[in-house]
Participant: 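I have a structure here, written as structure tokens, and I will follow up with some questions on it.
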Amino acid sequence: MIPERYSKLNERQWEAVRQTEGPLLILAGAGSGKTNVLTHRIAYLIEQDICAPYEILAITFTNKAAGEMKRRVTDMVDCGDAVWVATFHSTCARILRRHIGFLGYETDFTIYDSDDQRAVVRHVIKDLKLDPKAYKERQMVAFISDCKTQGVTPNEALRMAQYSFQTAWAEIYKAYEKRLKENNALDFDDLLLKTVELFRQEPDVLQYYRRRFRYIMVDEYQDTNHVQFELVELLAREHHNLCVVGDDDQSIYRFRGADIRNILDFEKSFPEAKVVKLEQNYRSTTHILDVANAVIKNNRGRKEKHLWSALGEGARVSFRLYETGQDEASDVVRSVKTAVLAGRASYKDFAVLYRTNAQSRLFEERCINASVPYALVGGVNFYQREEIKDILAYLRTVQNGRDDVSTERIVNKPRRGIGDTSIQKMRAFAAQKGISFMDAVERAEEVPGINTSTVTRFKEFAKLIKGLREDAGVLGDPEERLPFAELVQTVAEKTGYYDYLDEFDEDRRDQKIENIDEFISKAEEFENNWEEDRTASLQDFLEEVALVADVDALNEDDNKLLLMTLHSSKGLEFTTVFLCGMEEGLFPSYMSMDEDADVEEERRLCYVGITRAKKELHLSAARSRMVNGSMNYNDISRFVREIPPELLEQQGMRMSASYGSVFRKSAYTGFGGNGGAYGRPNTGSSFGGSGSYGGQRGTSGAAQKPAPKTAPQKPAFGLSFPVSPKNVTLDFEVGDRVVHTKFGSGTVTEITKKGEDYKIAADFDGFGRRVILLSSGMLKKET
DNA sequence: ACCAGGCTTCTTTTT
DNA sequence: GAAGCCTGGT
């Protein structure tokens, strides 16, 4: 007996639901109802008594997706909440909380975010007496992450090292690992890696989870990395009931180690795999899909598909070119407001998507100015804000006394007269005794060369932490702990944090207090939503905080204009989408313009953005834009040019009249004439019209290749080589007459060095003072 | 121990 | 155009 609801599925969807046994790859195009298929499939497994709810594991990428799926399953079947629906990271955290003892960690391990990782790297570089200038924290963190996602251990990295700097990197990696272990901490990658390690090392544990998870489903499979593949493969090896859902065209996390081959080679990894393609799109109108297809077809190495929609042609996709980034922002906000005031739509129907978070500022400013309610999604994660991290550092120290990163963060914050020198001494003492920083603090009087008043201060601090441990139920009866909301409040009070905030100017102080208040209400919310049959512990709370991102909190009911990056928009849909900043150097990012594989990822990102739109899509670009404090003049994005002109409605060309001639000469050839804008994309600088803007790409001119990379199978070391100095030569000085491709002739008034580059200020006849980056290639000596 | 002021560097995207 | 780092002064 098949419930009625399944008859609403289309033929392919129904096939995917019914195919419960063995490996199954569902290639789900954008908007093809994959979440629907997954939830129905789970319901089907349960309703048809194929398995029990708790035998199903469904893995998603965001907590939001997990919550949504769980909700829908629960609505459909009884006991739906017994299905294990979670992200990779929280799945692993849950498993590790139970069994990590096998790997020599305590179960109250701390989860480090990228800030914490950087702090560890900073220490490690110092300990190894390496030059901090030569080893950038971010780069090292990225390197370590690359190694981990590819399963390269520190010793393997050491063995693979060919150059001395690579040896140093591997040493940093090794010391970093040691440090994390000492701190009883795991980073994001570790959550996955250690779980795989655990399964490899403890066959009984693996066996338990294999038996338990008889049916496994993985959403967004195109964004899984190698370790995630291993994890899933380990779990599914025995029963083979593995269903993965994904769209290779929407793989946008390569930079974070996602390996698109996981999905492309699924049939090789699981030879008996069945494949179902979902190609009917239920989201967008035909015009929007046509544009999406026109862009994505420029990528090579993708699975061919024919996305179609029965929703009619709909409105045409528009493209507008603005003079400046400000113009773009004001006009977008203005048109949203106009539509809302005219009663044609409400704010929540609109989303503004952009490539980089920095772009949000302009839109925020305009929204505030025009009193348009907006919600900024993502950006600086709430839990990464300074005051929140401080309070968290207290809580983490309370929970896990071995977490030195957290302890050192707060030992003198608010200031309690413990300076760097004392901290150094304490650290040395801890290292010598082989104990944690917190344990060392408790034995402050033993530290050599420390004065008595400092000892007292350390002791005071130790007492403070001890008191908080009791409040938190870490010491004493866990059932007696304060509610989390009160606990957070207590931390802020007892530590003197509120008083410390008074030192800030009023605006900032109020902002910080507001954030702490929000933290308190989040804590309360967590407590109220706790559903397990045991009481939540501080550890549970800290874990939630570590693994929950901002996007997850997105509330669809708020009637607000949404601002977010393209990455954050994945999985969402909006009636009207503004895709802004369609400029070479910005989108695709100049960081991604050197290699085909990188450009293809940007193109997929563009595809994701386009396919978010249900009814209307507006693309836009600005001719000039402030980036890093200086003006950039960017060409129109190649992605716009890949769209056949007849699919695009060009509106307005606002404020561009005076530059008409410049357009026709270069950037603008993509429209109208369209002389060979497609064909092979990504062939370096040959792209784009007449080429008079040839070398222009915001920062670097030519010859800026990283050290040799070996594609496609990149070893970890290939991923993050330092970039060689930019090839720019200064060939004029103050007072020289110069010609700018756009502003014409002028006189140089000032030259300032900017990293490897130079900022040239010049007075242009008719345009006045402008500052141009030498590397833009737009400035030449007048002949 | 702490702060102010100047310098540099940076910026892609995030679970 | 911000945030982090260093330096030198109190």
Side-chain angles (χ1 to χ4, degrees), chain A residues 59-66 86-93 111-115 117-118 122 132-133 136-139 141-142 145 149 187-192 220 223-225 227-228 251-258 353-362 377-381 383-384 386 412-424 451 453-454 457 503 546-552 564-571 581 585-593 598 601-602 604-606 608-609 626-632 698-699 723 752-757 771:
Chain A
I59 298 179
T60 61
F61 255 71
T62 64
N63 295 286
K64 185 182 158 64
T87 64
F88 266 109
H89 290 88
S90 60
T91 297
C92 289
I111 299 171
Y112 277 178
D113 69 13
S114 57
D115 285 343
Q117 290 181 284
R118 286 177 64 175
R122 186 159 50 236
K133 287 228 187 334
K136 306 258 181 272
E137 287 163 25
R138 283 166 157 275
Q139 197 171 27
V141 170
S145 179
T149 47
D187 61 28
F188 280 116
D189 298 313
D190 281 338
L191 290 174
L192 309 166
E220 308 281 13
D223 283 324
T224 50
N225 63 33
V227 180
Q228 287 163 334
S251 165
I252 56 174
Y253 285 108
R254 201 177 78 108
F255 73 94
R256 185 175 94 184
L353 308 182
Y354 36 78
R355 177 69 238 268
T356 67
N357 275 309
Q359 287 165 262
S360 69
R361 257 199 47 216
L362 289 176
V377 180
V380 184
N381 190 326
Y383 294 109
Q384 311 234 51
E386 195 191 1
N412 195 37
K413 195 171 187 185
R415 275 181 295 283
R416 35 180 84 86
I418 298 171
D420 277 347
T421 344
S422 308
I423 293 176
Q424 288 296 346
N451 67 41
S453 60
T454 313
R457 290 170 186 152
E503 294 170 26
L547 297 177
V548 166
D550 262 10
V551 203
D552 301 330
M564 69 183 90
T565 62
L566 287 154
H567 283 88
S568 300
S569 76
K570 195 169 83 156
L586 191 64
F587 190 29
S589 159
Y590 71 94
M591 301 284 295
S592 307
M593 296 197 336
D598 290 334
E601 170 129 326
E602 298 275 317
R604 290 192 292 269
L605 193 53
C606 185
V608 166
M626 282 297 268
V627 179
N628 294 353
S630 57
M631 196 60 88
N632 271 29
T699 56
V723 172
T752 39
K753 199 158 174 7
K754 182 177 169 32
E756 307 283 348
D757 206 345
V771 182

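Values below: all heavy atoms of this structure, side chains included; hydrogens, waters and symmetry mates excluded. Naming: A, B, ... by sequence-line order, numbering from 1 per chain.
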Participant: Taking CD1 from I423(A) and C1' from dC2(B), how many angstroms apart are they, rounded to a whole number?
Facilitator: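 So the two atoms are 13 Å apart, to the nearest Å.
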Participant: Let me know the distance between CG of N451(A) and P of dA1(B), rounded to the nearest Å.
Facilitator: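 It is 8 Å, rounded to the nearest whole Å.
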Participant: Please give, in whole Å, the distance from dT14(B) P to Q117(A) CD?
Facilitator: 16 Å
Participant: Whole-Å distance between dT13(B) C1' and M593(A) CE?
Facilitator: 16 Å
Participant: Just compare dT13(B), dC5(C), dT15(B) and give me whichever is closest to any side-chain atom of T565(A).
Facilitator: dT13(B)
Participant: Closest approach to the side chain of T87(A), judged atom by atom: which nucleotide of dA1(B), dT11(B), dT15(B) is it?
Facilitator: dT15(B)
Participant: Kindly say if S568(A) contacts the phosphate of dT14(B), meaning a side-chain N or O under 4.0 Å from OP1 or OP2.
Facilitator: yes
Participant: Atom CZ of R118(A) to atom P of dG4(C): distance rounded to whole Å?
Facilitator: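 Rounding to the nearest Å, CZ of R118(A) and P of dG4(C) are 8 Å apart.
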Participant: Closest approach to the side chain of Y253(A), judged atom by atom: which nucleotide of dT14(B), dT15(B), dA1(B) is it?
Facilitator: dT14(B)
Participant: For the side chain of R138(A), starting at C-beta, report the closest nucleotide among dT13(B), dT11(B), dT12(B).
Facilitator: dT11(B)
Participant: What nucleotide among dA2(C), dT14(B), dT12(B) has an atom nearest to a side-chain atom of R256(A)?
Facilitator: dT14(B)
Participant: Of G419(A) and F255(A), whose closest DNA chain B nucleotide lies nearer the 5' terminus?
Facilitator: G419(A)
Participant: What's F61(A) touching, base or sugar-phosphate or nothing? Going by heavy atoms closer than 4.0 Å.
Facilitator: sugar-phosphate
Participant: Hey, does L191(A) have a side-chain heavy atom less than 4.5 Å from the side chain of L547(A)?
Facilitator: yes
Participant: What distance separates C92(A) SG from F188(A) CZ, expressed to the nearest 0.5 Å?
Facilitator: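 So the SG of C92(A) and the CZ of F188(A) are separated by 12.5 Å.
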Participant: According to a strict under-4.0 Å criterion, is N357(A) in side-chain N/O contact with OP1 or OP2 of dT13(B)?
Facilitator: yes
Participant: What is the nucleic acid contact for R361(A), judged by heavy atoms within less than 4.0 Å: base, sugar-phosphate only, or nothing?
Facilitator: sugar-phosphate
Participant: Could you state the CE-C1' distance from M564(A) to dT15(B), rounded to the nearest angstrom?
Facilitator: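 My rounded result for the distance is 17 Å.
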Participant: Does a side-chain N or O from N225(A) land closer than 4.0 Å to OP1 or OP2 of dT15(B), or not?
Facilitator: no
Participant: Quick one: sort the H567(A) and Y253(A) rings into parallel, tilted or perpendicular, breaks at 30° and 60°.
Facilitator: tilted
Participant: Could you tell me whether D598(A) and R254(A) have a side-chain N and a carboxylate O separated by less than 4.0 Å?
Facilitator: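 Yes, D598(A) and R254(A) are salt-bridged.
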Participant: Where the side chain of T62(A) is defined as all heavy atoms beyond and including C-beta, which of dT12(B), dT15(B), dG1(C) is the nearest nucleotide?
Facilitator: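 Among dT12(B), dT15(B), dG1(C), the one nearest the side chain of T62(A) is dT15(B).
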Participant: From the options dC10(B), dT15(B), dA1(B), select the nucleotide whose nearest atom is closest to the side chain of T421(A).
Facilitator: dA1(B)
Participant: Apply side-chain contact (heavy atoms from CB on, under 4.5 Å) to S422(A) and list each qualifying residue two or more places apart in sequence or on a separate chain.
Facilitator: I418(A), T454(A), F458(A)
Participant: Could you give the CD-to-P distance, from Q384(A) to dT13(B), as a whole number of Å?
Facilitator: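 That distance rounds to 12 Å.
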Participant: Would you list the protein and nucleotides 8-10 of chain C atom pairs, both N or O, that sit under 3.5 Å from each other?
Facilitator:
none

Participant: Taking the side chain of E602(A) as heavy atoms from C-beta outward, which of dT14(B), dT12(B), dT15(B) is closest to it?
Facilitator: dT12(B)
Participant: Could you give the CG-to-C1' distance, from L192(A) to dT14(B), as a whole number of Å?
Facilitator: 14 Å
Participant: Side chains of D113(A) and Q384(A): does their closest heavy-atom pair fall under 4.5 Å?
Facilitator: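 Side chain of D113(A) against side chain of Q384(A), heavy atoms only: contact under 4.5 Å found.
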Participant: Is the shortest heavy-atom distance from the side chain of L605(A) to the side chain of R355(A) under 4.5 Å?
Facilitator: yes
Participant: Considering only dT13(B), dA1(B), dC2(B), which nucleotide approaches the side chain of R415(A) most closely?
Facilitator: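 Among dT13(B), dA1(B), dC2(B), the one nearest the side chain of R415(A) is dC2(B).
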Participant: Could you please name the option among dT15(B), dT13(B), dT11(B) that lies closest to any side-chain atom of N628(A)?
Facilitator: dT11(B)
Participant: Heavy-atom nearest nucleotide on DNA chain B for D420(A) versus Q228(A): which residue maps closer to 5'?
Facilitator: D420(A)
Participant: What does R416(A) touch in the nucleic acid at a heavy-atom separation under 4.0 angstrom: a base, only the sugar-phosphate, or nothing?
Facilitator: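 Contact class for R416(A): none.
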Participant: In whole angstrom, give me the gap between the C1' atoms of dC5(C) and dT12(B).
Facilitator: 24 Å
Participant: By the 4.0 Å heavy-atom rule, please label S592(A) as base, sugar-phosphate, or nothing.
Facilitator: base
Participant: Quick one: CG on N357(A) to CE on M564(A), what's the gap to the nearest 0.5 Å?
Facilitator: 11.5 Å
Participant: May I ask you to say what K570(A) touches in the nucleic acid, namely base, sugar-phosphate or nothing, with a heavy-atom cut-off under 4.0 Å?
Facilitator: nothing
Participant: Under 4.0 Å between a side-chain nitrogen and a carboxylate oxygen: does that hold for K413(A) and E386(A)?
Facilitator: yes
